[in-house]
Protein chains: 2
Amino acid sequence: MKLSPLEKLCREKGLRMTEQRRIIVRVLSEAQDHPDVDEVYQRASKIDSKISLATVYRTLRLFEEAHILERHEFGDGRSRYEEASCQHHHHLIHIQTGQIIEFNDDRVENLLKEIAENLDCQLVGHRLDLYGVPLKGIKRKVEYYDA
Amino acid sequence: MKLSPLEKLCREKGLRMTEQRRIIVRVLSEAQDHPDVDEVYQRASKIDSKISLATVYRTLRLFEEAHILERHEFGDGRSRYEEASCQHHHHLIHIQTGQIIEFNDDRVENLLKEIAENLDCQLVGHRLDLYGVPLKGIKRKVEYYDA
DNA sequence: TTATGTGCAAATACTTTGCCTTTAC
DNA sequence: GTAAAGGCAAAGTATTTGCACATAA
(Lines give C-alpha, C1' and ligand atoms only; values in the text may rest on other atoms or scores of the structure.)
Protein backbone atom coordinates (compact mmCIF):
# COMPACT_ATOMS: atom_id res chain seq x y z
CA MET A 1 0.00 0.00 0.00
CA LYS A 2 1.25 3.42 -0.92
CA LEU A 3 1.78 5.83 1.96
CA SER A 4 0.99 9.50 1.77
CA PRO A 5 3.90 11.86 2.41
CA LEU A 6 2.49 12.79 5.80
CA GLU A 7 1.95 9.18 6.79
CA LYS A 8 5.49 8.38 5.76
CA LEU A 9 6.61 11.19 8.05
CA CYS A 10 4.68 9.66 10.94
CA ARG A 11 6.39 6.31 10.43
CA GLU A 12 9.79 7.96 10.37
CA LYS A 13 9.04 9.58 13.69
CA GLY A 14 8.03 6.25 15.18
CA LEU A 15 4.40 7.22 15.66
CA ARG A 16 1.98 4.33 15.76
CA MET A 17 -0.52 4.74 12.96
CA THR A 18 -4.15 4.24 13.74
CA GLU A 19 -7.20 4.70 11.57
CA GLN A 20 -7.99 7.96 13.39
CA ARG A 21 -4.53 9.41 12.95
CA ARG A 22 -4.58 8.51 9.28
CA ILE A 23 -7.85 10.36 8.90
CA ILE A 24 -6.60 13.44 10.71
CA VAL A 25 -3.41 13.45 8.67
CA ARG A 26 -5.49 13.18 5.52
CA VAL A 27 -7.78 16.02 6.55
CA LEU A 28 -4.83 18.29 7.12
CA SER A 29 -2.97 17.33 4.00
CA GLU A 30 -6.08 18.00 1.93
CA ALA A 31 -6.82 21.29 3.68
CA GLN A 32 -6.13 24.43 1.72
CA ASP A 33 -6.85 26.61 4.74
CA HIS A 34 -5.97 26.78 8.45
CA PRO A 35 -8.77 24.85 10.17
CA ASP A 36 -9.33 25.06 13.90
CA VAL A 37 -9.75 21.96 16.04
CA ASP A 38 -13.50 21.80 15.68
CA GLU A 39 -13.23 22.22 11.93
CA VAL A 40 -10.76 19.34 11.76
CA TYR A 41 -13.16 17.32 13.88
CA GLN A 42 -16.06 18.12 11.53
CA ARG A 43 -14.07 17.10 8.47
CA ALA A 44 -12.76 13.97 10.13
CA SER A 45 -16.28 13.04 11.23
CA LYS A 46 -17.38 12.99 7.62
CA ILE A 47 -14.85 10.24 6.99
CA ASP A 48 -15.43 8.35 10.22
CA SER A 49 -18.42 9.53 12.21
CA LYS A 50 -17.23 7.69 15.32
CA ILE A 51 -14.04 9.68 15.80
CA SER A 52 -14.00 11.69 19.02
CA LEU A 53 -13.09 15.29 19.65
CA ALA A 54 -10.62 14.22 22.35
CA THR A 55 -8.76 12.12 19.84
CA VAL A 56 -8.60 15.06 17.47
CA TYR A 57 -7.14 17.25 20.21
CA ARG A 58 -4.67 14.56 21.28
CA THR A 59 -3.58 13.82 17.75
CA LEU A 60 -3.17 17.43 16.71
CA ARG A 61 -1.05 18.11 19.74
CA LEU A 62 1.03 14.99 19.17
CA PHE A 63 1.61 15.92 15.55
CA GLU A 64 2.45 19.44 16.48
CA GLU A 65 5.09 18.23 18.93
CA ALA A 66 6.48 15.93 16.24
CA HIS A 67 6.67 18.93 13.92
CA ILE A 68 4.37 17.24 11.44
CA LEU A 69 1.83 20.01 11.86
CA GLU A 70 2.11 23.65 12.81
CA ARG A 71 -0.20 25.32 15.26
CA HIS A 72 -1.16 28.97 14.92
CA GLU A 73 -3.10 31.38 17.05
CA PHE A 74 -4.53 34.22 15.05
CA GLY A 75 -6.14 36.00 17.96
CA ASP A 76 -9.61 34.49 18.03
CA GLY A 77 -8.76 32.19 20.93
CA ARG A 78 -8.68 29.01 18.89
CA SER A 79 -5.72 26.97 17.72
CA ARG A 80 -5.49 26.54 13.99
CA TYR A 81 -3.41 23.93 12.23
CA GLU A 82 -1.68 23.43 8.96
CA GLU A 83 0.74 20.93 7.52
CA ALA A 84 4.30 21.85 8.50
CA SER A 85 5.53 22.53 5.03
CA CYS A 86 9.17 22.67 4.16
CA GLN A 87 8.36 26.18 2.99
CA HIS A 88 8.62 28.45 6.02
CA HIS A 89 6.15 31.28 5.82
CA HIS A 90 4.06 33.86 7.64
CA HIS A 91 0.48 35.02 7.41
CA LEU A 92 -1.31 38.12 6.31
CA ILE A 93 -4.83 38.12 7.66
CA HIS A 94 -7.53 40.22 6.01
CA ILE A 95 -9.24 41.66 9.04
CA GLN A 96 -12.61 42.03 7.34
CA THR A 97 -12.88 38.65 5.67
CA GLY A 98 -10.57 36.48 7.74
CA GLN A 99 -8.89 35.36 4.53
CA ILE A 100 -5.31 34.32 5.14
CA ILE A 101 -2.54 34.86 2.65
CA GLU A 102 0.79 33.15 3.13
CA PHE A 103 4.03 34.86 2.36
CA ASN A 104 7.71 34.58 2.89
CA ASP A 105 10.52 37.06 2.62
CA ASP A 106 14.17 36.34 3.21
CA ARG A 107 14.88 39.92 4.14
CA VAL A 108 12.59 39.56 7.14
CA GLU A 109 14.19 36.29 8.18
CA ASN A 110 17.68 37.74 8.06
CA LEU A 111 16.68 40.89 9.84
CA LEU A 112 15.04 39.02 12.71
CA LYS A 113 18.06 36.82 13.14
CA GLU A 114 20.26 39.87 13.28
CA ILE A 115 18.02 41.64 15.79
CA ALA A 116 18.02 38.64 18.09
CA GLU A 117 21.78 38.43 17.94
CA ASN A 118 22.07 42.09 18.80
CA LEU A 119 20.08 41.18 21.90
CA ASP A 120 22.54 38.38 22.66
CA CYS A 121 20.13 35.68 21.68
CA GLN A 122 20.11 32.87 19.25
CA LEU A 123 16.80 33.01 17.41
CA VAL A 124 15.05 29.67 17.79
CA GLY A 125 11.63 30.67 16.57
CA HIS A 126 9.44 33.58 15.70
CA ARG A 127 5.90 34.49 14.96
CA LEU A 128 4.91 37.11 12.48
CA ASP A 129 1.33 37.87 11.53
CA LEU A 130 0.25 40.86 9.51
CA TYR A 131 -3.24 42.29 9.61
CA GLY A 132 -4.43 44.30 6.67
CA VAL A 133 -7.26 45.64 4.59
CA PRO A 134 -7.31 45.29 0.81
CA LEU A 135 -6.05 48.24 -1.14
CA LYS A 136 -8.55 49.36 -3.71
CA GLY A 137 -7.75 48.30 -7.24
CA ILE A 138 -6.87 44.97 -8.76
CA LYS A 139 -7.00 42.09 -6.38
CA ARG A 140 -4.75 39.16 -6.88
CA LYS A 141 -5.49 35.82 -5.36
CA VAL A 142 -2.15 34.14 -5.83
CA GLU A 143 0.10 33.36 -2.93
CA TYR A 144 3.26 35.37 -2.78
CA TYR A 145 6.61 33.85 -2.21
CA ASP A 146 9.56 36.15 -2.40
CA ALA A 147 12.28 33.62 -2.97
CA MET B 1 -5.95 66.57 42.54
CA LYS B 2 -3.22 65.60 40.17
CA LEU B 3 -4.07 62.95 37.62
CA SER B 4 -1.67 60.27 36.45
CA PRO B 5 -0.92 60.19 32.72
CA LEU B 6 -3.00 57.08 32.29
CA GLU B 7 -5.91 58.49 34.22
CA LYS B 8 -5.77 61.63 32.14
CA LEU B 9 -6.00 59.39 29.07
CA CYS B 10 -9.11 57.74 30.47
CA ARG B 11 -10.78 61.10 30.96
CA GLU B 12 -9.95 62.14 27.44
CA LYS B 13 -11.62 59.01 26.15
CA GLY B 14 -14.74 59.74 28.17
CA LEU B 15 -14.36 56.74 30.45
CA ARG B 16 -16.02 57.07 33.81
CA MET B 17 -13.38 56.75 36.51
CA THR B 18 -14.10 54.48 39.40
CA GLU B 19 -11.91 53.46 42.28
CA GLN B 20 -11.40 50.04 40.69
CA ARG B 21 -10.39 51.44 37.33
CA ARG B 22 -7.96 53.80 38.99
CA ILE B 23 -6.37 50.87 40.79
CA ILE B 24 -6.07 48.78 37.65
CA VAL B 25 -4.60 51.68 35.74
CA ARG B 26 -2.12 52.19 38.54
CA VAL B 27 -1.13 48.53 38.62
CA LEU B 28 -0.41 48.57 34.91
CA SER B 29 1.43 51.86 34.93
CA GLU B 30 3.67 50.61 37.73
CA ALA B 31 4.24 47.23 36.09
CA GLN B 32 7.64 46.66 34.55
CA ASP B 33 6.54 43.35 33.08
CA HIS B 34 3.61 41.90 31.12
CA PRO B 35 1.24 40.59 33.78
CA ASP B 36 -1.60 38.24 32.95
CA VAL B 37 -5.12 38.86 34.19
CA ASP B 38 -4.73 36.92 37.38
CA GLU B 39 -1.49 38.70 38.15
CA VAL B 40 -3.20 42.07 37.67
CA TYR B 41 -5.96 40.83 39.94
CA GLN B 42 -3.44 39.79 42.62
CA ARG B 43 -1.69 43.15 42.50
CA ALA B 44 -4.96 45.06 42.51
CA SER B 45 -6.19 43.00 45.44
CA LYS B 46 -3.25 44.18 47.52
CA ILE B 47 -4.51 47.73 47.07
CA ASP B 48 -8.20 46.94 47.46
CA SER B 49 -8.94 43.43 48.63
CA LYS B 50 -12.59 43.71 47.62
CA ILE B 51 -11.99 44.14 43.90
CA SER B 52 -13.42 41.30 41.84
CA LEU B 53 -11.83 39.27 39.09
CA ALA B 54 -14.78 40.06 36.80
CA THR B 55 -14.08 43.75 37.15
CA VAL B 56 -10.44 43.17 36.30
CA TYR B 57 -11.44 41.29 33.17
CA ARG B 58 -14.03 43.92 32.19
CA THR B 59 -11.68 46.80 32.81
CA LEU B 60 -8.73 45.30 30.99
CA ARG B 61 -10.88 44.62 27.98
CA LEU B 62 -12.38 48.10 28.08
CA PHE B 63 -8.95 49.67 28.31
CA GLU B 64 -7.67 47.49 25.55
CA GLU B 65 -10.50 48.60 23.28
CA ALA B 66 -9.80 52.20 24.20
CA HIS B 67 -6.14 51.61 23.27
CA ILE B 68 -5.04 52.55 26.75
CA LEU B 69 -3.59 49.08 27.23
CA GLU B 70 -2.22 46.50 24.86
CA ARG B 71 -3.06 42.83 25.07
CA HIS B 72 -0.57 40.16 24.09
CA GLU B 73 -0.73 36.41 23.73
CA PHE B 74 2.65 34.81 24.05
CA GLY B 75 1.47 31.28 23.49
CA ASP B 76 0.72 30.12 27.02
CA GLY B 77 -3.02 30.58 26.60
CA ARG B 78 -3.28 33.64 28.80
CA SER B 79 -3.74 37.26 27.87
CA ARG B 80 -1.03 39.56 29.10
CA TYR B 81 -1.28 43.30 29.31
CA GLU B 82 0.95 46.32 29.22
CA GLU B 83 0.52 50.04 29.02
CA ALA B 84 0.05 51.10 25.39
CA SER B 85 3.17 53.14 25.16
CA CYS B 86 3.73 55.69 22.48
CA GLN B 87 6.80 53.61 21.69
CA HIS B 88 5.72 50.82 19.38
CA HIS B 89 7.72 47.67 20.01
CA HIS B 90 7.91 43.91 19.78
CA HIS B 91 8.98 41.16 22.12
CA LEU B 92 11.83 38.72 22.34
CA ILE B 93 10.93 35.91 24.73
CA HIS B 94 13.66 33.84 26.34
CA ILE B 95 12.19 30.39 25.99
CA GLN B 96 13.95 28.99 29.04
CA THR B 97 13.26 31.77 31.52
CA GLY B 98 10.17 33.46 30.10
CA GLN B 99 11.99 36.78 30.38
CA ILE B 100 10.70 39.27 27.84
CA ILE B 101 12.86 41.85 26.16
CA GLU B 102 11.27 44.66 24.23
CA PHE B 103 12.74 45.95 21.02
CA ASN B 104 11.95 48.05 18.05
CA ASP B 105 13.52 48.34 14.65
CA ASP B 106 12.43 50.67 11.90
CA ARG B 107 13.80 48.41 9.22
CA VAL B 108 11.31 45.74 10.25
CA GLU B 109 8.45 48.21 10.29
CA ASN B 110 9.21 49.47 6.82
CA LEU B 111 9.73 46.02 5.45
CA LEU B 112 6.41 44.74 6.75
CA LYS B 113 4.59 47.70 5.31
CA GLU B 114 6.20 47.07 1.96
CA ILE B 115 5.38 43.36 2.04
CA ALA B 116 1.73 44.05 2.81
CA GLU B 117 1.54 46.51 -0.05
CA ASN B 118 3.05 43.99 -2.41
CA LEU B 119 0.13 41.77 -1.38
CA ASP B 120 -2.30 44.61 -2.19
CA CYS B 121 -3.01 45.33 1.43
CA GLN B 122 -2.78 48.28 3.67
CA LEU B 123 -1.06 47.15 6.84
CA VAL B 124 -3.27 47.97 9.80
CA GLY B 125 -1.52 45.91 12.44
CA HIS B 126 1.04 43.22 12.99
CA ARG B 127 2.36 40.90 15.59
CA LEU B 128 5.97 39.95 15.88
CA ASP B 129 7.37 37.80 18.67
CA LEU B 130 10.83 36.33 18.66
CA TYR B 131 11.80 33.30 20.69
CA GLY B 132 15.40 32.81 21.58
CA VAL B 133 18.01 31.33 23.87
CA PRO B 134 20.82 33.42 25.31
CA LEU B 135 24.09 33.35 23.45
CA LYS B 136 26.94 32.43 25.72
CA GLY B 137 29.00 35.34 26.89
CA ILE B 138 28.07 38.68 28.41
CA LYS B 139 24.45 39.15 29.17
CA ARG B 140 22.97 42.57 29.04
CA LYS B 141 19.76 43.43 30.77
CA VAL B 142 18.98 46.73 29.14
CA GLU B 143 16.10 47.13 26.77
CA TYR B 144 17.04 47.71 23.19
CA TYR B 145 15.53 50.38 21.08
CA ASP B 146 16.91 50.76 17.64
CA ALA B 147 15.70 54.24 16.84
C1' DT C 1 0.43 -10.31 23.78
C1' DT C 2 0.85 -5.90 25.61
C1' DA C 3 1.89 -1.30 25.38
C1' DT C 4 -0.55 2.35 23.34
C1' DG C 5 -4.61 4.69 21.58
C1' DT C 6 -9.62 5.79 21.71
C1' DG C 7 -14.26 7.20 23.36
C1' DC C 8 -16.82 9.21 26.71
C1' DA C 9 -17.74 12.14 30.26
C1' DA C 10 -15.92 14.76 33.81
C1' DA C 11 -12.54 18.15 34.91
C1' DT C 12 -9.80 22.30 34.11
C1' DA C 13 -8.41 26.93 32.68
C1' DC C 14 -9.56 31.16 31.11
C1' DT C 15 -13.08 34.42 30.19
C1' DT C 16 -17.82 36.32 29.86
C1' DT C 17 -22.42 37.29 31.53
C1' DG C 18 -26.95 37.86 34.30
C1' DC C 19 -28.64 40.02 37.94
C1' DC C 20 -28.98 42.76 41.73
C1' DT C 21 -26.52 46.37 44.43
C1' DT C 22 -23.54 50.40 44.41
C1' DT C 23 -21.59 54.60 42.65
C1' DA C 24 -19.95 58.54 39.57
C1' DC C 25 -21.36 62.55 37.68
C1' DG D 1 -31.51 61.02 40.15
C1' DT D 2 -30.04 57.94 36.78
C1' DA D 3 -27.18 55.65 33.71
C1' DA D 4 -23.18 53.11 34.23
C1' DA D 5 -20.07 50.05 36.97
C1' DG D 6 -19.10 46.46 40.45
C1' DG D 7 -19.62 41.93 42.98
C1' DC D 8 -20.83 37.38 42.92
C1' DA D 9 -21.87 33.18 41.11
C1' DA D 10 -23.30 30.78 37.13
C1' DA D 11 -22.43 29.97 32.33
C1' DG D 12 -19.43 29.66 28.21
C1' DT D 13 -15.65 28.19 25.38
C1' DA D 14 -11.47 25.81 24.41
C1' DT D 15 -8.83 22.15 25.93
C1' DT D 16 -7.17 18.25 28.90
C1' DT D 17 -7.65 14.02 31.52
C1' DG D 18 -9.20 9.53 34.06
C1' DC D 19 -10.64 5.29 33.07
C1' DA D 20 -12.49 1.21 30.85
C1' DC D 21 -12.39 -0.81 26.36
C1' DA D 22 -10.17 -1.47 21.78
C1' DT D 23 -6.22 -2.16 18.70
C1' DA D 24 -1.49 -1.87 16.27
C1' DA D 25 2.67 -4.05 16.08
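Since the structure is predicted, the reported quantities are computational estimates derived from the model, not experimental observations. Letters A, B, ... are given to chains in the order of the sequence lines, protein chains preceding strands, and every chain is numbered from 1.
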| message | With a 4.0 Å limit, can you tell me whether B/Thr18 has a side-chain N or O closer than that to the phosphate oxygens OP1/OP2 of D/dG6? | response | yes
| remark: With sequence neighbours left out, the residues meeting salt bridge (Lys or Arg N to Asp or Glu O under 4.0 Å) with A/Lys46 are none
| Got a second to check how far A/His67's NE2 is from A/Lys13's NZ, nearest 0.5 Å? | 6.5 Å
| request: Send over the distance from B/Tyr41 OH to C/dT15 C1', rounded to a whole Å. | output: 14 Å
| Whole Å only: how far is the CG atom of A/Leu60 from the C1' atom of D/dA14? | 13 Å
| field | Qualifying residues under side chain to side chain contact (heavy atoms under 4.5 Å, CB included), relative to B/Glu82, sequence neighbours excluded | value | B/His34, B/Glu70, B/His72, B/His89, B/His91, B/Glu102
| task | Report the nucleotide, chosen from C/dG7, D/dT16, C/dT17, that has the shortest atom-to-atom distance to any side-chain atom of A/Arg61. | result | D/dT16
| Taking only N and O in the side chain of B/Ser79, is any of them less than 4.0 Å away from OP1 or OP2 of C/dC14? | no
| request: Give me the ring orientation class for B/Phe103 and B/His90: parallel if the planes are under 30° apart, tilted from 30 to 60°, perpendicular past 60°. | output: tilted
| OP1 or OP2 of D/dT16 sitting under 4.0 Å from any side-chain N/O of A/Tyr57? | no
| field | B/Asp76 CG - C/dT12 C1' separation (whole Å) | value | 16 Å
| query | From B/Asp36 CG over to B/Tyr41 OH, what is the distance, rounded to the nearest 0.5 angstrom? | reply | 13.5 Å
| message | Under the criterion side chain to side chain contact (heavy atoms under 4.5 Å, CB included), I'd like the reasoning laid out for B/Leu130 against B/Ile101: C-alpha separation, chi angles, the key distance, then a yes or no. | response | CA-CA 10 Å; B/Leu130 306 185; B/Ile101 295 169; over 6 Å; no
| Short N-O contact, A/Glu109 and A/Lys113, less than 4.0 angstrom | no
| query | In terms of side-chain heavy atoms of B/Val37, which of C/dT15, D/dG6, C/dG5 is nearest? | reply | C/dT15
Considering only nitrogen or oxygen atoms on both sides, find all protein atoms under 3.5 Å from nucleotides 18-22 of chain D and state each distance.
from, atom 1, to, atom 2, distance (Å)
D/dG18, O6, A/Arg58, NH1, 3.4

| Residues in side chain to side chain contact (heavy atoms under 4.5 Å, CB included) with A/Arg26, at least two apart? | A/Glu30, A/Ile47
| task | Quickly work out the A/Gln20 CD to C/dC8 P distance and round it to whole Å. | result | 11 Å
| task | Identify, with sequence neighbours excluded, every residue that meets ring-ring contact (aromatic ring centres under 6.0 Å, His included) alongside B/His94. | result | none
| task | Find the distance A/Glu64:CD to D/dA14:P and express it as a whole number of Å. | result | 18 Å
| request: Round to the nearest Å and state the distance from A/Arg80 atom CZ to D/dT15 atom C1'. | output: 16 Å
| remark: For residues 55-64 of chain A, the side-chain hydrogen bond (donor to acceptor under 3.5 Å, both in side chains) pairs (sequence neighbours left out) are A/Ser52-A/Thr55, A/Glu64-A/Arg71
| note | Contacts of A/Asp76 meeting side-chain hydrogen bond (donor to acceptor under 3.5 Å, both in side chains) (sequence neighbours excluded), chain-then-number -> A/Arg78, A/Arg80
| task | State whether A/Arg107 and B/Glu114 are salt-bridged, where the test is any N-O pair (Lys NZ or Arg NE/NH1/NH2 against Asp/Glu carboxylate O) under 4.0 Å. | result | yes
Sub-3.5 Å pairs of nitrogen or oxygen atoms, protein against nucleotides 2-4 of chain C:
from, atom 1, to, atom 2, distance (Å)
C/dT4, O4', A/Arg16, NH2, 3.0

| request: Would you mind telling me which of D/dA14, C/dT6, C/dT15 lies closest to the side-chain atoms of A/Thr59? | output: C/dT6
| remark: Hits for salt bridge (Lys or Arg N to Asp or Glu O under 4.0 Å) against B/Glu39, two or more places apart or cross-chain, chain-then-number order -> B/Arg43
| query | Is there a residue in residues 45-53 of chain A whose heavy atoms reach under 4.0 Å of DNA chain D, and which residues are they? | reply | none
| task | For B/Val124, check side chain to side chain contact (heavy atoms under 4.5 Å, CB included) against everything at least two apart and list the hits. | result | A/Ile95, A/Tyr131, A/Val133
| Could you give the CD-to-C1' distance, from B/Gln42 to C/dC14, as a whole number of Å? | 14 Å
| said: Let me test you: for the helix from C/dT1-D/dA25 to C/dC25-D/dG1, what is the angle between the axes at its two ends (five pairs each), rounded to 10 degrees? | reply: 40°
| Roughly, in whole Å, what's the span from CD in A/Glu73 to C1' in C/dC14? | 13 Å
